[in-house]
There are 2 protein chains.
Amino acid sequence: MREEGYASITTRRLGAKAGVHPQLVHYYFSGMDDLFLELWRRFTNHYLARQAQAFVSPNPVRTVWEHDSELQDASLLAELMALAGHREALRDEITTSVERFRAMQASALSPAMDDLGLKEVFGSPEVLALCMVGLARVLAVEERLGISSGHAQARAAMARWLDQLESKSRPDAKRRTPQASKT
Amino acid sequence: MREEGYASITTRRLGAKAGVHPQLVHYYFSGMDDLFLELWRRFTNHYLARQAQAFVSPNPVRTVWEHDSELQDASLLAELMALAGHREALRDEITTSVERFRAMQASALSPAMDDLGLKEVFGSPEVLALCMVGLARVLAVEERLGISSGHAQARAAMARWLDQLESKSRPDAKRRTPQASKT
DNA sequence: GTCTATATAATGATAGAC
DNA sequence: GTCTATCATTATATAGAC
């Protein structure tokens with residue numbers, strides 16, 4: 001799906017990829033809707049768990065940005081939302097979990113809004129969350145197609161801004177590198 | 001395509017929608033690739049012409065934002081980019097025109113970068129363009145699915161920010177309403 | 001659980017009458 | 001330009017042998 005879009009997901013291709021006969025797909029899933037639903041649930045479970053990190057992070061803004069930016073998944077997510085446009089069963093599941101996810105991000109970002117003076121520009125943490133996910137997703141989708149105009153500069157600007165925020169919150173601390181510690 | 005996604009575009013459905021027989025699609029287009037290419041070209045022609053306004057606008061930032069935000073087309077564009085992921089002929093056409101479009105937006109935004117102090121945060125006009133198109137597209141795609149968490153607030157924050165920019169560039173002028181004059 | 005075989009429907013596409 | 005007729009291909013899905 002990441003490589004060729006949701007329309008190319010068929011029982012035959014899945015079977016071929018898994019090295020089994022396509023009919024087995026119907027043994028494991030009750031149909032294509034069920035299959036996509038299961039994929040989405042795996043996706044959200046992974047991310048909801050991952051997103052919990054933002055609550056204990058010293059800089060939730062950076063943490064949220066890093067999660068939003070996980071390239072492969074960001075473009076997969078765009079694909080799933082396109083798919084949801086014409087699969088009712090998926091749409092309901094996606095809308096509720098996206099809203100839950102956004103609320104979670106917002107509450108993780110909330111303390112930073114006042115501390116770092118972000119309230120003035122963004123107003124609410126939801127808006128900050130929307131801006132970051134928006135930028136991350138354009139970058140992901142475009143890079144999948146081979147478009148790169150301004151991408152490096154955008155990532156650099158984001159890194160600069162995050163560093164700036166960090167020095168605001170802890171003026172004595174040194175800059176954190178993008179990759180977190182391995183523990 | 002806006003309503004049900006690119007996968008639901010078939011010769012039969014197009015024929016039904018147009019009130020003619022599906023075989024006529026092959027009379028007008030050499031195939032599905034050609035059909036999507038034609039759609040994309042119409043799309044870009046419309047927007048490249050429209051985008052020229054940004055060069056003569058008193059506030060190019062607002063103009064670019066308004067163009068990016070045209071709801072229906074923003075979600076259609078997301079759909080087309082998803083489609084491009086597995087249609088080579090489309091991909092080449094899309095990548096080149098997106099890059100051309102971005103360069104155009106950037107050069108329209110360029111003078112505002114220095115005047116309004118945007119260079120400090122965004123660095124280059126391409127980055128500003130990416131941020132705006134990112135936010136606009138998330139809003140569009142999500143709204144199509146019925147998701148609205150933070151959307152109203154995001155639009156309000158954007159309106160506030162644009163007004164702020166405007167008062168910076170012309171301190172004596174009054175706020176412009178979102179809709180431009182009719183002439 | 002995995003396979004063969006098959007049902008049924010929809011797809012993109014072509015040939016040719018009018 | 002629009003139609004009828006038809007093609008090969010692919011899709012989801014089911015039944016039943018092993």
Side-chain angles (χ1 to χ4, degrees), chain A residues 1-46 75-95 97 144-145, chain B residues 1-46 75-95 97 144-145:
Chain A
M1 189 185 268
R2 260 196 290 263
E3 293 155 8
E4 306 181 60
Y6 64 79
S8 65
I9 303 294
T10 66
T11 55
R12 280 176 162 72
R13 278 170 176 253
L14 283 174
K17 202 86 176 179
V20 296
H21 286 222
Q23 291 85 343
L24 263 187
V25 174
H26 294 285
Y27 177 77
Y28 289 103
F29 305 96
S30 69
M32 294 301 280
D33 275 11
D34 184 42
L35 188 150
F36 286 123
L37 259 178
E38 200 56 43
L39 172 64
W40 175 256
R41 286 193 183 123
R42 283 207 186 192
F43 195 81
T44 47
N45 285 342
H46 171 70
S75 83
L76 176 59
L77 202 136
E79 203 69 38
L80 278 163
M81 293 188 76
L83 175 64
H86 61 107
R87 294 247 178 195
E88 284 188 52
L90 243 190
R91 186 165 56 236
D92 297 340
E93 184 89 6
I94 284 188
T95 50
S97 53
R144 191 169 71 124
L145 298 180
Chain B
M1 188 184 264
R2 260 196 290 262
E3 293 155 8
E4 304 182 61
Y6 64 79
S8 65
I9 303 294
T10 66
T11 54
R12 282 173 165 72
R13 276 169 176 256
L14 284 174
K17 201 86 177 179
V20 296
H21 286 218
Q23 292 85 345
L24 263 187
V25 174
H26 295 285
Y27 177 77
Y28 289 103
F29 305 96
S30 68
M32 294 300 280
D33 275 11
D34 184 42
L35 186 149
F36 286 123
L37 260 178
E38 202 54 44
L39 172 63
W40 175 256
R41 285 193 183 122
R42 283 209 185 191
F43 195 80
T44 48
N45 285 342
H46 171 71
S75 83
L76 177 59
L77 202 136
E79 203 70 37
L80 279 163
M81 294 190 75
L83 175 63
H86 61 108
R87 295 248 178 196
E88 283 187 53
L90 244 190
R91 187 165 54 237
D92 296 341
E93 184 88 6
I94 284 188
T95 51
S97 53
R144 191 169 70 123
L145 298 180

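Reminder, nothing fancy here: chain letters follow the sequence lines and each chain counts from 1.
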Exercise. Under 3.5 Å, is there a donor-acceptor pair between the side chain of B/Glu79 and the main chain of B/Tyr6?
Worked result: yes

Exercise. So what does A/Phe29 hit on the nucleic acid, given a heavy-atom distance under 4.0 Å: a base, only sugar-phosphate, or nothing?
Worked result: nothing

Exercise. Contact class for B/Ile9 (heavy atom, under 4.0 Å): base, sugar-phosphate, or nothing?
Worked result: sugar-phosphate

Exercise. Rounded to whole angstrom units, what separation is found between the NE2 atom of B/His21 and the P atom of C/dA10?
Worked result: 17 Å

Problem set entry | OP1 or OP2 of C/dT2 under 4.0 Å from side-chain N/O of A/Tyr28 | yes

Exercise. Which is true for A/Thr11 with a 4.0 Å heavy-atom rule: it touches a base, it touches only sugar-phosphate, or it touches nothing?
Worked result: base

Problem set entry | 5'-most by nearest nucleotide on DNA chain C - A/Leu24 or B/His26 | A/Leu24

Exercise. Between D/dA13 and A/Tyr27, is there an OP1 or OP2 to side-chain N/O distance shorter than 4.0 Å?
Worked result: no

Any N/O pairs under 3.5 Å between the protein and nucleotides 6-9 of chain C? List them or say none.
none

For this session: State, to 0.1 Å, how close B/Ser8 and B/Glu4 come at their nearest heavy-atom pair, and which atoms those are.
Result: OG-CB, 3.2 Å

Seminar exercise, completed: Value for CD1 (A/Ile94) from OG1 (A/Thr44), rounded to nearest 0.5 Å, stands at 9.0 Å

For this session: Sort and list the pairs that fulfil ring-ring contact (aromatic ring centres under 6.0 Å, His included) and have at least one residue in residues 7-40 of chain A, not counting sequence neighbours.
Result: A/Trp40-A/Phe43

Exercise. Of all the nucleotides listed (C/dC3, D/dA13, D/dC3), which has the minimum atom distance to the side chain of A/Met32?
Worked result: D/dA13

Exercise. Should B/Arg12 and B/Val25 be marked as a side-chain contact (heavy atoms from CB on, under 4.5 Å) after you check the CA-CA gap, both sets of side-chain angles, and the distance that decides it?
Worked result: CA-CA 9 Å; B/Arg12 282 173 165 72; B/Val25 174; over 6 Å; no

Problem set entry | Separation between CE of B/Met32 and OG1 of B/Thr11, rounded to the nearest 0.5 Å | 6.5 Å

Exercise. In whole angstroms, how far is the P atom of C/dG12 from the CG atom of B/Leu14?
Worked result: 8 Å

